[in-house]
Number of protein chains: 2
Amino acid sequence: MGAKFCDQENPLLVSVRSGAAVSMPGMMDTVLNLGINDDVVIGLAKKTKNERMAWDSYRRFINMFGDVCMEVPHEDFEEELTRIKKKYERALDTDLTTEELKEVVFAYKKVYKKNVGKHFPTCGREQLGLAINAVIGSWNIPRAIAYRNINKMHGLKGTAVNVQAMVFGNMGQNSGTGVAFTRNPATGENKFFGEYLIDAQGEDVVAGIRTPDPISMLKKRMPKIYKELDAIRLKLEKHYKDMQDVEFTIQEGKLFMLQTRNGKRTGLAAVKMAVDMVKEKLISEEVGLSRIEGDHLNQLLFPILDPKAKSAAIAAKRVVAKGLPAGPGAANGKIVFNAEDAVAWVKKGNKVILVRKETSPEDVSGMWAAEAVLTSTGGMTSHAAVVARGWGKCCVVGCGALDINYKTKTISVSGKTIKEGDDVSIDGSTGEIIIGAVATSSSPVIAGIVEGNKKARQHPICKIFLEVMKWADNVRRINVRTNADSPKDSEVARKLGAEGIGLCRTEHMFFEGDRIWAIREMILANDVEGREKALAKLLPYQRKDFEGIFKAMDGLPVTVRLLDPPLHEFLPHEAKGQAEMAKRLKITPAKVKAKVEALHEMNPMLGHRGCRLSITYPEICKMQVTAIIEAACNMQKKKIKVLPEIMIPLIGTKAEFDILEEITRETADAIIKKKGVKVKYLVGTMMEIPRATLVADKVAEKAEFFSFGTNDLTQMTLGYSRDDIGNFLPDYMDKKIFIEDPFASIDQEGVGQLVKIGVMRGRKTRKKLKCGVCGEHGGDPASVKFFAGVGLDYVSCSPYRVPIARLAAAQAVLENKKY
Amino acid sequence: MGAKFCDQENPLLVSVRSGAAVSMPGMMDTVLNLGINDDVVIGLAKKTKNERMAWDSYRRFINMFGDVCMEVPHEDFEEELTRIKKKYERALDTDLTTEELKEVVFAYKKVYKKNVGKHFPTCGREQLGLAINAVIGSWNIPRAIAYRNINKMHGLKGTAVNVQAMVFGNMGQNSGTGVAFTRNPATGENKFFGEYLIDAQGEDVVAGIRTPDPISMLKKRMPKIYKELDAIRLKLEKHYKDMQDVEFTIQEGKLFMLQTRNGKRTGLAAVKMAVDMVKEKLISEEVGLSRIEGDHLNQLLFPILDPKAKSAAIAAKRVVAKGLPAGPGAANGKIVFNAEDAVAWVKKGNKVILVRKETSPEDVSGMWAAEAVLTSTGGMTSHAAVVARGWGKCCVVGCGALDINYKTKTISVSGKTIKEGDDVSIDGSTGEIIIGAVATSSSPVIAGIVEGNKKARQHPICKIFLEVMKWADNVRRINVRTNADSPKDSEVARKLGAEGIGLCRTEHMFFEGDRIWAIREMILANDVEGREKALAKLLPYQRKDFEGIFKAMDGLPVTVRLLDPPLHEFLPHEAKGQAEMAKRLKITPAKVKAKVEALHEMNPMLGHRGCRLSITYPEICKMQVTAIIEAACNMQKKKIKVLPEIMIPLIGTKAEFDILEEITRETADAIIKKKGVKVKYLVGTMMEIPRATLVADKVAEKAEFFSFGTNDLTQMTLGYSRDDIGNFLPDYMDKKIFIEDPFASIDQEGVGQLVKIGVMRGRKTRKKLKCGVCGEHGGDPASVKFFAGVGLDYVSCSPYRVPIARLAAAQAVLENKKY
């Protein structure tokens, strides 16, 4: 470009923009008419016979160059502009005359000098150098970094820089500029979508001063240009094989394409475009699959707040707070403040939202009854979040702005008070809390596939969802199971493609109805006989639950985990509940209180729970195995194919497993013999204690399967209590100690090593050892890919995450192919 | 032996006993006159002209054979004997006539038949077969197994069987039998020690019916035999090169040696004999070293309850309960029920014993003031146990029999009530709790070496202790450091041979005097300025502490751990304390309560503590580093050589370490530059999170040393909270899930793997990375040997464990030589 670039008679005006593959907020992506200066402006004015345009361009350039390249505060320019507009009583920028614009340019140069400490550069080469540096530097501004983190874009080295010759869309009525998408980015429809302005430069389209016209208008106004543009649109899609986001300028009747890049899209659009492009043979099924992100698919599954109703609520300032979006979808209902009330209100025909500071297993019945759960504390993996997500129930947690008062049954927030029974709406995808009932609707996918609505099944969205799932199932190599504790969950998961149950937690079954009294009686018993008597009361309930689950999973494996939580979780911790319990069990309240205190633990996570309970009280293990195997025999007799896998939780040593395996087999085999039914079952263990993974070779001598419980494995390997990370994890994410919440996406570097070690050592002893994962990570795409890579046989996740896991499992195969 | 063995005319009587290297309780170690039957007895009676002896032998044999070989209840025989004695009005067994003894034999045979279902065997060969089987089987009876576990005898395959021809000590006045030790097993004195009976069989010596005479009497009574025996004694010691425990029988003037084996001994005897035998050139220093166990050495260090006074207390039934012997030695004092009272009573000149249900860091000042600590809950690694052991303070924990009432300030136990101010004595080696003051005395070793008592220094026990330590230091390759938090502890440890401080915990320093108010002010502060202001108050205290420690450790390295416990440990948890705090800090009690609640954690072990605090509040790290380095500079100026090693606790990622390392170096280097003193310091980390060991290669890029914090590493690798294992660990030990308490002796199979991985990976990055251990395991001999084996540079333990660690470190070298 050399000397010519600075030639003021024939200036080569160029623009500079980031060459990053995607636009990031704050990254420099602005057209700068580099090479401009007083003389060039005068020349330009003469050449274009448009003096005003030339000076306006100059003004804009100084502003933008100063702002973007030299960090001059935009407000400083704005202040001068306002002053001069006021001086000449001009309402709009466009009202300013050429002379007035010259005054603005003069004022802007002073602003520049004041802030930068140097004169505004008049040499194009100098401008170019500064602009290129600014583009490169903008890669590391906080907003761009945050954007990359949020969008999980890691390992990129930086941005390229594009330098283009300038063209001008502001040269009269046969000039113009526009932005467009080659398909509709909201719906995915294969139709040219965009807008343009006549006699304007790029920034005018987005500045909002003039209202652009839809691209379809251009067809009438400039049919030749439109035809050319439409041909380019098709050519670009054919070349890039993806929807493009383009910018164009028309300079005096000639079309220039300024930029093209893959366009951003909604989940629906992403799925629809992938399916359409495969049909159009533009891309292969594999490429189609790789285009769809887990979150895209998610958006197809959950009920949503009706967009119009929500907009109205926003306008009416009814959005009062924002928490963490923990459970999917949206909901509305009357707020209640405890589980009992939730159940009672629902019985009376109300839709309710359960509001708690935090939830515990005692709240589960109320959580189940409620439309949604809202808490003021806890993170994305708190009790409320995990349980709600497991059910596909809307949930917002950690909404610290809410001041919840259990006594008065009110919430104070943003100066407003919400009372028990008031309607509230919750958006589980954004975390927004809205006063009043905002209408919701089921997604066509859920209506069609899970709820069995035949019309919804024919809905185009439902069809494309099924198409994508078919592709995924053709490609993936590992199985996808579900975490489900009830026949209902099991059915939902199966409809969504689960190939078995990877984790059936038995403790949730203990809270329903009278069962809790039997378990409490067991805990209070003083001897084996007393415990056995109480357990005998639980047996029929458990057996019936398992029968329902086996029936729902006919022909598919069902992994049942024996009792896991510490016993104190089943006891009431407040005086009122303890008094009720004392009355019911005919003992003194003091005895109940003493038991609660005796079971109190400093660190319950590392206490007397999991298999440790059955080592101390083998009768618990015996009762549960009896319930499982009796249920299996009963169902088998009804020609239902049962494949029970009994899972012993929290083992850390071979000895623990061996002791309980022996009890399990003795109990099970005796029942099978007695019932005279052929039932095959496996006995395996959960790998969740770091030590267990280190001695996996020994454990595998007797264990027939491993299921990695990566929630607890993460807690212990990192030394983080899920319930307590709120005090430091946000800081840790800010400081990049962790890029991702290790409870949401597996810590591959640390915890992942133990998973690898466990699989490797386990299979050294037992070559075909079945290995799976049943932590929350089973529904996280990045984690699923990792698990597929280390050779697990399956992942298991909550029912509504099953489709995403199927997709991620397929993508794991495709990504491995690349290398 | 064949036919001759069953020849009734010339019976070959033999005895059978276990050939196990040591005698185990319950293992068959009984002389059985095999081959005996009716005819043999008659023949024996004729031959010996002692019919009564023959039938008495027969009676005893049936009883013993039935009992030991065939599991016939001893009581059944006893019942018959009593019946017949009553019938003939005989007071003693020896009063029975030959005819009456024949009746007993007849009755015994019936007892045998009834229990065994077969006739008593009359064939010697059959008796021998059964007896040999019984010996072999007795290897696996519970008591023998328990004995092996307690004495850490693992990997043995079983017992041999000895069959010996019978000799008879009960053939008149020139016959006899005895047991003896070649040296005194209680004091170690090189003098023949034992006892004998004339006209008796082996069992009579121990049965307690007749009182045996001391072996010295035999010299007069049978000078020839004694001379022969003494010669054999010397010959045996020369052959076995160890003190022997022998059994002998004199049959009609002829000496027979029945058995010899290494004798059991007290700690004092073990050490004295080792030293003496080396002097006698019987064994080498190395063999001498290998003969001394850690517990032996321990017995030389701690004050003891005066044996006579204790016996009197036992006789008076003043021993009212028994807990876990957590802290060494013995003590007496007046009981008090809280830390404040302890301090106050001691100020008034009382000796007190602090009695708590459990202790917390708030009790530390009272624990320090008290002679001993007694708790009703908690295990061997509870707060009370760890702190007390660290100080070498007597402590009994988990004494569940005590019903402690804080309100009435009383203990109810065994139907008695002990009030505040009552004298109580505690034996920290047995766990016994005794009502009343039982006198104690310092051991000569402590008096001589630690307390500087010159006379005690010349005491033979002190001399042999120093001799053994000299041997150990000549042999061992790894260093022994100490865990010490004060100048006083540091001095004690140095006197006991510590070669530096491996762990100086800074948080204990926060509880003394006014300091707690500064830390509380910091916790309550709302911003960095507030925290810095409060921390500035702590700085002079910390600096002064470090100056004292550096001075005590002149020339030796001192590893200082930055603040580790969660902040709520520094706050009062009860209303009274909160009110006091509110008053002092001039805020509302509600604010204090709110802060306590905000800091409450479900699992504090896995919460906001360790380096996580300094990531959130870097000002804490800065203040502590300032205190350390300023102290170092000040001391260096006084010609004291300081080698500070700053240790960042609880890291799990490289990023945490790097962030804090940078803050540490910036702070430290600025001070060093300002003070103009040359101070070299290291920055390293504690390896206590499983993940840290897995990424040790990365951490070692910046970390200059690793110190394995095996307490927490054990908690997290096993998923055991030290505070909560009481509910299941005893069961786990019973069921052999763990042979040893993994908090007392390192779990080599599990946790040990992570230590190995950490060392290996760390040194892959930094070849000469200094590695040590600073958990409780640093004072456990088996653990010390393991750590030496995996290549650690040092172990660190509480001051009073330093000698044991030195010994174990030497033994590790010797044991490795063997292979």
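Sequence lines set the chain letters: A, B, ... in the order given, protein chains first and strands last, and positions in each chain run from 1.
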Pairs of heavy atoms under 4.5 Å with chain A: top-ranked of B:Glu656, B:Glu688, B:Lys654: B:Glu656

Portion of B:Thr653 that has a non-hydrogen atom of chain A nearer than 4.5 angstrom: side chain

Euclidean distance, B:Ile757 CD1 relative to A:Leu694 CG, rounded to 0.5 Å: 6.0 Å

Side chains of A:Tyr720 and B:Arg691 in contact at under 4.5 Å (non-hydrogen atoms): no

Full working for side chain to side chain contact (heavy atoms under 4.5 Å, CB included) between A:Ile615 and B:Phe728: CA-CA 8 Å; A:Ile615 293 279; B:Phe728 63 92; over 6 Å; no

Distance (rounded to the nearest 0.5 Å) between B:Thr616 OG1 and A:Tyr732 OH: 6.5 Å

Engaged part of A:Asp731 at the chain B interface, taking heavy atoms whose separation is under 4.5 Å: side chain

Between CE on residue B:Met602 and CD on residue A:Glu358, distance to nearest 0.5 Å: 6.5 Å

B:Lys735 atom NZ, over 12 foreign heavy atoms within 6.0 Å: yes

Top of A:Leu650, A:Thr693, A:Val695, A:Leu599 for chain B proximity - count of heavy-atom pairs under 4.5 angstrom: A:Val695

Over 12 foreign heavy atoms within 6.0 Å of NZ, B:Lys764: no

Heavy-atom pairs under 4.5 Å with chain A, option from B:Ala692, B:Gly652, B:Gly750 with the top count: B:Gly750

B:Leu754 CG to A:Thr717 OG1 distance, which is reported to the nearest 0.5 Å: 9.0 Å

Over 12 foreign heavy atoms within 6.0 Å of CD, A:Glu662: no

Interchain contact, A:Asp747 with chain B, by part (heavy-atom threshold 4.5 Å): side chain

Selection from B:His608, B:His600, B:Gln715 maximising heavy-atom pairs under 4.5 Å formed with chain A: B:His608

Qualifying residue for side chain to side chain contact (heavy atoms under 4.5 Å, CB included) with B:Glu601, from A:Asp724, A:Asn603, A:Asp723, A:Ile725: A:Asp724

Considering all heavy atoms, the nearest A:Gly719-B:Arg612 contact: O-NH1, 2.7 Å

Part of A:Lys698 lying under 4.5 Å from any heavy atom of chain B: side chain

Which of B:Ile689, B:Leu729, B:Val751 touches chain A most, by non-hydrogen pairs under 4.5 Å: B:Ile689

Contacting region of A:Ile659 [heavy-atom separation from chain B under 4.5 Å]: side chain

Contact origin within A:Gln753 toward chain B - heavy atom pairs under 4.5 Å: side chain

Heavy-atom contact with chain B under 4.5 Å, split by part of A:Ala598: backbone

